[in-house]
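Chain identifiers are assigned alphabetically (A, B, ...) following the order of the sequence lines, protein sequences preceding nucleic acid strands; residue numbering begins at 1 within each chain. Note that these values count all heavy atoms, side chains included, but never hydrogens, waters or copies made by symmetry.
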Amino acid sequence: MTGQKVVAFRSWGKHFLIVLPRLTVRIHFLLFGSYSINEQTKPAPRLHLKFKNGDIFFYTCSVRLLEGDPDEVYDWTADVMSDAWDPKKARARLKAIPETLVCDALLDQDIFAGVGNIIKNEVLFRIRVHPESQVGALPPRKLTEMIREARNYSFDFLKWKKEFVLRAHWLAHTKSECPRDHVPLTRVKHLGKARRRAFYCGICQVLYR
DNA sequence: TATAATGTTTGAAC
DNA sequence: AGTTCAAACATTAT
């Protein structure tokens with residue numbers, strides 16, 4: 001990497017990419033990762049890049065090198081925040097896995113790259129779909145909504161995150177009462193194949209089977 | 001203060 | 001050979 005110029009900073013889903021002429025550094029921040037620019041703010045950086053005009057530090061993250069052109073590695077149409085995001089492709093991919101529970105489908109990075117557990121819970125609450133619904137049982141309009149809100153909520157997430165008000169906007173995730181029906185939300189510790197936390201309302205979120 | 005989680009990879013176990 | 005599962009990573013809010 002020494003002496004090579006950064007060609008681009010990019011992202012695909014939860015991957016942050018530092019593109020150099022012959023290789024790409026792939027950062028994944030996992031649960032607790034962070035970065036700082038110019039000053040080191042934490043004890044042990046996983047990666048420290050020095051440039052003529054400054055520095056970048058990455059902490060507690062996964063760092064991997066990718067050979068070659070990222071356009072050969074990544075399918076940008078699957079990235080929910082990309083300009084290249086293609087909802088029709090997402091729909092086709094979902095059609096191929098009708099038995100899959102929607103709670104697992106939303107976390108599938110090959111379909112919804114970038115969507116995580118918080119977004120999963122909030123999207124399903126917004127569209128009033130029970131997390132254990134089967135993809136193939138969703139009415140066409142609900143499927144459309146799920147695909148649309150996966151992208152939509154991701155942009156809300158980013159906006160609120162930057163304003164430090166993300167948590168304040170959660171309607172279901174970690175909540176104990178349904179803001180619509182004022183009944184206790186169901187909290188499941190390990191739901192679906194992904195075995196991730198789920199928060200949902202048994203009244204307004206419809207189970208499609 | 002102890003606990004659990006916004007996520008992924010690895011490797012053992014089945 | 002395929003899947004399933006827990007551990008590991010190590011920080012932070014609750």
Side-chain angles (χ1 to χ4, degrees), chain A residues 10-18 24-37 39-48 56-67 70 73-76 78-82 93 96-127 131-132 134-135 146 149-177 179 184-200:
Chain A
R10 305 184 71 176
S11 63
W12 178 90
K14 297 165 194 157
H15 298 189
F16 177 57
L17 306 174
I18 304 167
T24 294
V25 183
R26 192 204 83 174
I27 311 280
H28 194 303
F29 292 104
L30 301 171
L31 256 66
F32 327 118
S34 61
Y35 69 90
S36 63
I37 293 169
E39 69 218 77
Q40 185 178 333
T41 58
K42 306 213 166 159
R46 275 287 164 80
L47 178 67
H48 173 193
I56 314 185
F57 301 85
F58 296 95
Y59 314 94
T60 55
C61 54
S62 155
V63 181
R64 281 162 74 156
L65 296 179
L66 305 175
E67 306 287 333
V73 178
Y74 290 106
D75 179 356
W76 305 94
D79 179 344
V80 293
M81 299 195 71
S82 169
R93 288 169 180 141
I97 52 164
E99 318 268 279
T100 304
L101 304 184
V102 294
C103 61
D104 287 323
L106 278 168
L107 294 174
D108 187 333
Q109 300 298 295
D110 293 331
I111 304 175
F112 296 107
V115 169
N117 203 39
I118 296 171
I119 296 175
K120 173 199 84 181
N121 283 321
E122 292 297 313
V123 164
L124 292 174
F125 182 79
R126 273 188 175 183
I127 68 171
E132 289 180 290
Q134 288 177 324
V135 167
M146 185 169 92
E149 282 306 316
R151 176 173 168 91
N152 221 12
Y153 187 84
S154 296
F155 281 95
D156 286 342
F157 183 110
L158 176 62
K159 176 179 179 285
W160 291 331
K161 182 78 178 166
K162 284 177 172 175
E163 295 166 354
F164 302 99
V165 292
L166 175 64
R167 187 174 300 254
H169 283 88
W170 288 345
L171 299 177
H173 190 75
T174 73
K175 308 301 275 188
S176 49
E177 187 182 274
L185 281 184
T186 304
R187 169 190 299 246
V188 181
K189 192 171 173 135
H190 299 296
L191 195 74
K193 280 199 174 173
R195 296 182 56 75
R196 303 298 301 278
R197 289 206 296 176
F199 301 83
Y200 60 91

What is the distance from NE2 of A:H190 to P of B:dA5, rounded to the nearest Å?
-> 7 Å
Between P of C:dA10 and NZ of A:K42, the distance in whole Å = 13 Å
A:L31 CG to B:dA4 C1': how many Å, rounded?
-> 10 Å
Starting from P on B:dT6, measure out to CG on A:L191 and report it in whole angstrom.
-> 13 Å
More 5' along DNA chain C: A:K193 or A:S34, using each one's nearest nucleotide?
-> A:K193
Write down the partner of C:dA10 under the Watson-Crick or G-U wobble criteria, each distance required to be under 3.5 Å.
-> none
Of the candidate nucleotides C:dA6, B:dG7, C:dT11, which contains the atom at the shortest distance from the side chain of A:F32?
-> C:dT11
Would you find more than 12 non-hydrogen atoms of other residues, nucleotides or ligands less than 6.0 Å from A:E39 atom CD?
-> no
Quickly work out the A:F164 CZ to C:dA13 P distance and round it to whole Å.
-> 11 Å
Quick one: do A:R93 and A:D75 make a salt bridge, cutoff under 4.0 Å?
-> yes
Within this structure, what is the CZ-to-C1' distance between A:F58 and B:dG7, rounded to whole angstrom?
-> 18 Å
Verify, without hydrogens or angle tests, whether A:R151 (side chain) and A:F112 (backbone) share a donor-acceptor contact under 3.5 angstrom.
-> no
OP1 or OP2 of B:dT6 sitting under 4.0 Å from any side-chain N/O of A:H173?
-> yes
Take atom P in B:dT9 and the same atom in C:dA1, then report the distance between them in whole Å.
-> 23 Å
Compare side-chain N and O positions of A:R196 against OP1 and OP2 of B:dG7 and report whether any pair is under 4.0 Å apart.
-> yes
When rounded to the nearest Å, what value does the distance between C1' atoms of B:dT1 and C:dC9 take?
-> 22 Å
Parallel, tilted or perpendicular: which describes the rings of A:F58 and A:Y35, with under 30° parallel and over 60° perpendicular?
-> tilted
Verify the contact: side-chain N or O of A:R46 to OP1 or OP2 of C:dC9, cut-off strictly under 4.0 Å; return yes or no.
-> no
Under 4.0 Å between a side-chain N/O of A:R64 and OP1 or OP2 of B:dT8, yes or no?
-> no
A:F16 CZ to B:dT8 C1': how many Å, rounded?
-> 19 Å
Counting only Watson-Crick or G-U wobble pairs whose two distances fall under 3.5 Å, which nucleotide matches B:dT6?
-> none
Which part of the nucleic acid, if any, lies within reach of A:R26 when heavy atoms closer than 4.0 Å are counted: base, sugar-phosphate only, or nothing?
-> sugar-phosphate
Could you tell me whether the side chain of A:Q40 and the main chain of A:P43 form a donor-acceptor pair under 3.5 Å?
-> yes
Relative to the 5' end of DNA chain C, which residue comes earlier, A:T60 or A:R167, by the nucleotide with the nearest heavy atom?
-> A:T60
